2 protein chains.
Amino acid sequence: MLESTCPVGRTLELLEGKWTLLIVNELLGGVKRFGQLRRSLHPISQKILTERLRALEERGVVKRTIYSEIPPHVEYQLTEHGQRLRTIFATMKAWELTAESNSRSQ
Amino acid sequence: MLESTCPVGRTLELLEGKWTLLIVNELLGGVKRFGQLRRSLHPISQKILTERLRALEERGVVKRTIYSEIPPHVEYQLTEHGQRLRTIFATMKAWELTAESNSRSQ
DNA sequence: CAGAATCCTTGAAGATACTG
DNA sequence: CAGTATCTTCAAGGATTCTG
C-alpha cells in the first residue's frame with residue numbers, strides 16, 4: 001500500500017488495518033489464546049482476527065503456538081521483535097500528550 | 001476508525017490514509033506549494049491530496065498559508081507539533097532496521 | 001494555480017454457515 | 001476451540017470535469 005519511497009512505510013504497512021494495532025496492544029499484555037483475543041477485541045470477527053494474526057506472524061511480529069489437543073488450543077504472543085514495538089507506542093503516546101496544547105497553535 | 005481503547009489510536013488515526021505518511025514526509029523537507037506536492041507525490045489525485053492536507057490541518061499538524069494573488073498561491077508547512085512527528089519516524093525507522101535479522105526468528 | 005463537485009471502482013471489513 | 005469458505009456491504013481512493 002505504501003510506496004517504499006517513504007522510509008517508514010513498512011512499519012505503517014504492518015500496523016495497517018482497523019484492528020491490527022488493537023491486537024498488538026492486547027498481546028503486549030502477554031500470551032493470549034485465540035478465543036481470549038476474540039473476547040477482548042469484541043466485536044471483531046473471526047475472519048479479521050485470523051487474517052491480521054497471520055499477517056503479523058508473517059512479518060515476524062507474532063508467534064503462533066499450536067498445542068495438538070482436542071479441543072484445539074492455540075496461543076499467540078509477540079516475538080522479541082514485536083515486543084520492540086513498545087518503543088514506537090511509547091513515542092506515539094508521548095507525541096499525543098503534547099497534542100492538546102499545540103494543535104491549532106502556530 | 002480506531003477505538004479509543006488503544007492509547008496510540010489517535011496517532012494512527014492521524015497517519016491513516018494511503019498517502020498521509022508520504023505527505024508528511026514531503027513536508028518534513030520544508031515549505032511546499034500545492035502543485036509542488038502533487039508533482040512530488042505523483043500520481044496522487046488532487047482530491048486525495050486536498051482531503052489529506054485538510055485533515056492534517058484540522059489536527060494541527062499542517063499549516064496552510066494562502067497568498068491572495070492571481071494565480072492563487074498556497075503554501076503548506078508542518079506546525080511545530082507536526083515537526084515533532086520526526087521523532088516517531090525515527091523510532092519506526094530504527095525498528096525497521098532490526099527487522100531483517102529478527103523476522104522469522106524465535 | 002489550487003481547488004470543488006461528481007461519479008465510479010475496489011478492496012478491507014463484516015455477516016453467516018460449516019468443520020477438523 | 002480455532003479456524004475456513006462465501007457472500008455482502010461500505011467507504012477510501014481514483015478519474016474526470018468545471019471554476020474563482
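Throughout, a chain's letter reflects where its sequence line sits, starting with A, and its residues are numbered from 1. Since the structure is predicted, the reported quantities are computational estimates derived from the model, not experimental observations.
Distance I48(A) CD1 to dA5(D) P: 15 Å, rounded to the nearest Å. Between the CG atom of L41(A) and the P atom of dA2(D) there is a distance of 14 Å, given to the nearest Å. Across the protein-nucleic acid pair, L49(A) atom CG and dG3(D) atom C1' stand 10 Å apart, rounded to whole Å. The separation between E51(A) atom CD and dG3(D) atom C1' is 12 Å, rounded to whole Å. The CD-P distance, from E13(A) to dA12(C), rounds to 12 Å in whole Å. Between the CG atom of L37(B) and the P atom of dA2(C) there is a distance of 9 Å, rounded to whole Å. What separates CD of E69(A) from P of dA2(D) is a distance of 10 Å, to the nearest Å. The nearest whole Å value for the distance from the CD1 atom in I70(A) to the P atom in dG3(D) is 15 Å.
Counted by atom type alone, R86(B) and Q83(B) present one or more donor-acceptor pairs between their side chains at under 3.5 Å.
Residues V24(B) and F89(B) form a side-chain contact, since some pair of their non-hydrogen atoms from C-beta on lies under 4.5 Å apart. Looking only at side-chain heavy atoms (C-beta outward), L37(A) and L27(A) come within less than 4.5 Å of each other.
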Go along nucleotides 3-11 of chain C 5' to 3' and tag each nucleotide: B for a protein heavy atom under 4.0 Å from its base, S when only backbone or sugar atoms are that close, - otherwise. BB-B-----

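Partners of S45(B) under the side-chain contact (heavy atoms from CB on, under 4.5 Å) rule, at least two apart in sequence or in another chain, are K47(B), I48(B).
For K18(B), the side-chain atoms get nearest to dG14(D) when compared with the rest of dG14(D), dA13(C), dA2(C).
At dA12(D), none of the side-chain N or O atoms of W19(B) fall inside 4.0 Å of OP1 or OP2 (strictly under the cut-off). Close to dA2(D), at under 4.0 Å from its OP1 or OP2, lies a side-chain N or O of R33(A).
Nucleic acid contact class of R38(B) (heavy atoms, under 4.0 Å, all strands): none. Nucleic acid contact class of P71(A) (heavy atoms, under 4.0 Å, all strands): sugar-phosphate only.
E13(A) and R59(A) are joined by a salt bridge, as a carboxylate oxygen and a charged side-chain nitrogen come within less than 4.0 angstrom of each other.
Among T91(A), L85(A), T87(A), the single residue meeting the side chain to side chain contact (heavy atoms under 4.5 Å, CB included) criterion with W95(B) is L85(A).
No donor-acceptor distance shorter than 3.5 angstrom exists from the side chain of T79(B) to the backbone of K63(B), with no hydrogens or angles considered.
Along DNA chain C, the nucleotide nearest to R39(B) and the one nearest to S45(A) differ in position, and the one closer to the 5' end is contacted by R39(B).
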